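What's counted below: heavy atoms across the whole structure, side chains too, no hydrogens, waters or symmetry copies. Note on naming: letters A, B, ... go to the chains in the order of the sequence lines (proteins, then strands), and numbering restarts at 1 for each one. Predicted model only: the values in this text are computed from it and were never measured.
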There are 2 protein chains.
Amino acid sequence: MKKSDERLKSRNIKPTAMRELVLKILGEQDVAISLPELEQKFEKAERTTLYRTLKTFEENKLIHSIDDGTGSVKYALCNETCQCHPKDLHVHFLCSKCKQTYCLNDIPVPSVNLPTHFTLENINMVVKGICSNCHK
Amino acid sequence: MKKSDERLKSRNIKPTAMRELVLKILGEQDVAISLPELEQKFEKAERTTLYRTLKTFEENKLIHSIDDGTGSVKYALCNETCQCHPKDLHVHFLCSKCKQTYCLNDIPVPSVNLPTHFTLENINMVVKGICSNCHK
DNA sequence: AAGTTCATGCAACTGAGTTGCAAAGTTATT
DNA sequence: AATAACTTTGCAACTCAGTTGCATGAACTT
Ligand SMILES: [Mn+2]
Ligand SMILES: [Mn+2]
Ligand SMILES: [Zn+2]
Ligand SMILES: [Zn+2]
């Protein structure tokens with residue numbers, strides 16, 4: 001059995017041709033990508049199918065989404081053990097020059113003390129600035 | 001001269017009737033509001049004018065925007081001394097029950113150590129959970 | 001084989017945000 | 001006060017990401 005199939009099955013996602021292909025593409029990226037960007041990686045793409053594929057992946061925590069404020073939500077693979085709990089989260093970085101969105105997997109989201117009677121479910125932390133590539 | 005006029009002028013914004021009205025409405029909110037929500041606060045609203053008013057306000061740092069991932073950007077008044085620098089920033093909170101977005105003005109955005117050659121311009125930190133109101 | 005379930009493809013739609021342009025209003029100049 | 005220059009507002013049209021309904025097709029179950 002394919003490695004990608006196992007990865008899908010480990011998240012309870014039925015491996016179809018489409019899903020394997022999307023997983024492969026996501027694995028090739030070193031930055032997070034949006035649905036429109038994913039669409040462009042296909043000759044003849046079916047927006048809806050890709051949309052639903054991403055949704056299935058996200059619901060099953062194979063990928064996570066990042067709202068970086070650019071108007072299109074970005075997606076990136078979770079690591080194999082990720083459960084998308086607050087303790088699993090990392091910081092994201094949007095370069096204001098090249099517009100790429102990076103997963104800073106080594107930088108955990110700092111904990112915050114909320115006011116009384118506010119409870120935490122999730123955190124989206126996006127740092128904006130200039131990436132190392134654009135500084136060269 | 002009106003207090004609102006002074007507030008506008010202190011940010012180099014010409015005080016017009018529309019702008020005073022929008023500023024007044026923003027001052028009355030205890031949560032951040034979106035353009036569509038602002039629109040609904042008027043009988044007969046001109047979306048474009050409100051849009052441009054918010055843009056002008058934001059460019060001149062009278063208000064700041066929050067992308068809370070709900071699909072519509074929220075806006076809230078800056079405090080009088082705010083320059084929207086990273087050190088001026090505070091955490092925002094989106095309640096997943098009532099969908100309100102709060103400015104947690106007392107909770108500064110924690111500093112993060114970025115990888116080498118990444119420079120910081122801005123941070124958007126949105127905590128999602130249940131607000132105190134929804135816990136009652 | 002027939003039935004059931006799930007995935008895909010297509011079309012149509014929603015809703016936030018944005019732009020161009022003309023009309024109205026404001027401010028400066030003569 | 002009249003004119004010119006500039007700014008704000010109103011309207012219409014548009015873009016684009018995301019989403020839904022429904023029909024078709026594939027895979028799996030009995
Ligand atoms: Mn990430
Ligand atoms: Mn705020
Ligand atoms: Zn960059
Ligand atoms: Zn709430």
Side-chain angles (χ1 to χ4, degrees), chain A residues 1-2 4-5 8-9 11-25 32-60 62-76 94 99 101 124 126, chain B residues 1-2 4-5 8-9 11-25 32-60 62-76 94 99 101 124 126:
Chain A
M1 187 195 282
K2 281 190 212 162
S4 59
D5 275 20
L8 290 170
K9 285 195 177 169
R11 297 286 185 171
N12 289 310
I13 301 165
K14 279 192 206 167
T16 66
M18 191 73 235
R19 288 169 177 175
E20 278 169 22
L21 203 43
V22 172
L23 176 56
K24 182 170 170 288
I25 292 173
I33 65 169
S34 64
L35 171 58
E37 284 163 354
L38 178 61
E39 224 180 316
Q40 285 165 9
K41 305 220 175 266
F42 291 79
E43 310 254 330
K44 183 179 155 292
E46 186 41 46
R47 191 162 79 264
T48 315
T49 306
L50 295 175
Y51 166 72
R52 287 196 262 235
T53 301
L54 289 175
K55 237 183 161 187
T56 302
F57 283 8
E58 190 182 13
E59 279 164 11
N60 293 283
L62 179 60
I63 62 177
H64 60 279
S65 63
I66 309 113
D67 191 322
D68 59 13
T70 57
S72 59
V73 176
K74 306 286 171 61
Y75 299 89
L94 168 67
K99 314 292 179 199
T101 298
N124 184 39
V126 178
Chain B
M1 187 195 281
K2 281 191 212 161
S4 59
D5 275 19
L8 290 169
K9 285 197 178 169
R11 297 287 186 171
N12 289 310
I13 301 164
K14 279 193 209 167
T16 67
M18 192 72 236
R19 288 169 178 174
E20 278 170 22
L21 202 44
V22 172
L23 176 56
K24 181 171 170 288
I25 291 173
I33 65 169
S34 65
L35 171 57
E37 283 163 353
L38 178 61
E39 224 179 316
Q40 286 165 8
K41 304 218 175 266
F42 290 81
E43 309 254 330
K44 182 179 156 291
E46 186 41 46
R47 190 163 80 264
T48 315
T49 306
L50 295 175
Y51 166 71
R52 288 195 263 235
T53 301
L54 289 175
K55 239 185 161 187
T56 302
F57 282 9
E58 190 181 15
E59 278 164 12
N60 293 281
L62 178 60
I63 62 176
H64 59 280
S65 64
I66 309 112
D67 191 322
D68 59 13
T70 56
S72 58
V73 176
K74 306 286 171 62
Y75 299 88
L94 169 67
K99 311 293 179 199
T101 298
N124 184 39
V126 178

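- Between the CD atom of B:Glu46 and the C1' atom of D:dA13 there is a distance of 13 Å, given to the nearest Å.
- Judged by distance alone with a 3.5 Å cut-off, a donor-acceptor contact links the side chain of B:Thr48 to the base of D:dA12.
- Across the protein-nucleic acid pair, B:Leu50 atom CG and C:dA16 atom P stand 13 Å apart, rounded to whole Å.
- Here D:dT9 is the nucleotide among C:dT18, D:dA17, D:dT9 with the atom lying nearest to any side-chain atom of B:Thr16.
- Atom CZ in B:Arg47 sits about 18 Å away from atom C1' in D:dT8, given to the nearest Å.
- Rounded to a whole Å, the NZ atom of A:Lys14 is 10 Å from the P atom of C:dT8.
- Note: CG (A:Asn60) to P (C:dA7) measures 10 Å, nearest angstrom.
- When the C1' atom of D:dG18 is taken as reference, atom NZ of A:Lys74 falls 15 Å away, rounded to whole Å.
- Taking 4.5 Å as the limit, every side-chain heavy atom of B:Leu62 sits out of range of all side-chain heavy atoms of B:Tyr75.
- B:Arg19 is listed as a side-chain neighbour of B:Phe57, based on a closest heavy-atom distance under 4.5 Å.
- Among D:dT8, D:dG10, C:dG9, the nucleotide with an atom closest to any side-chain atom of A:Thr49 is C:dG9.
- Out of D:dT9, D:dT20, D:dA17, the shortest distance to the side chain of B:Met18 is found at D:dT9.
- Between B:Leu35 and B:Leu50 the shortest side-chain heavy-atom distance falls below 4.5 Å.
- B:Asn124 places a side-chain N or O within 3.5 Å of a backbone atom of B:Asp67 that can act as its donor or acceptor partner.
- The interatomic distance linking A:Glu58 (CD) with D:dG18 (P) rounds to 11 Å, in whole Å.
- Considering only side-chain N and O atoms, A:Tyr51 lies nowhere under 4.0 angstrom from the phosphate OP1 or OP2 of D:dG18.
- Closest non-hydrogen pair, A:Lys74 versus A:Thr101, comes out as NZ-OG1, 3.3 Å.
- Of the candidates C:dA16, D:dG18, D:dT20, D:dT20 carries the atom nearest the A:Lys55 side chain, counting heavy atoms from C-beta on.
- Here D:dG21 presents its P atom at 10 Å from CZ of A:Arg52, a figure rounded to the nearest Å.
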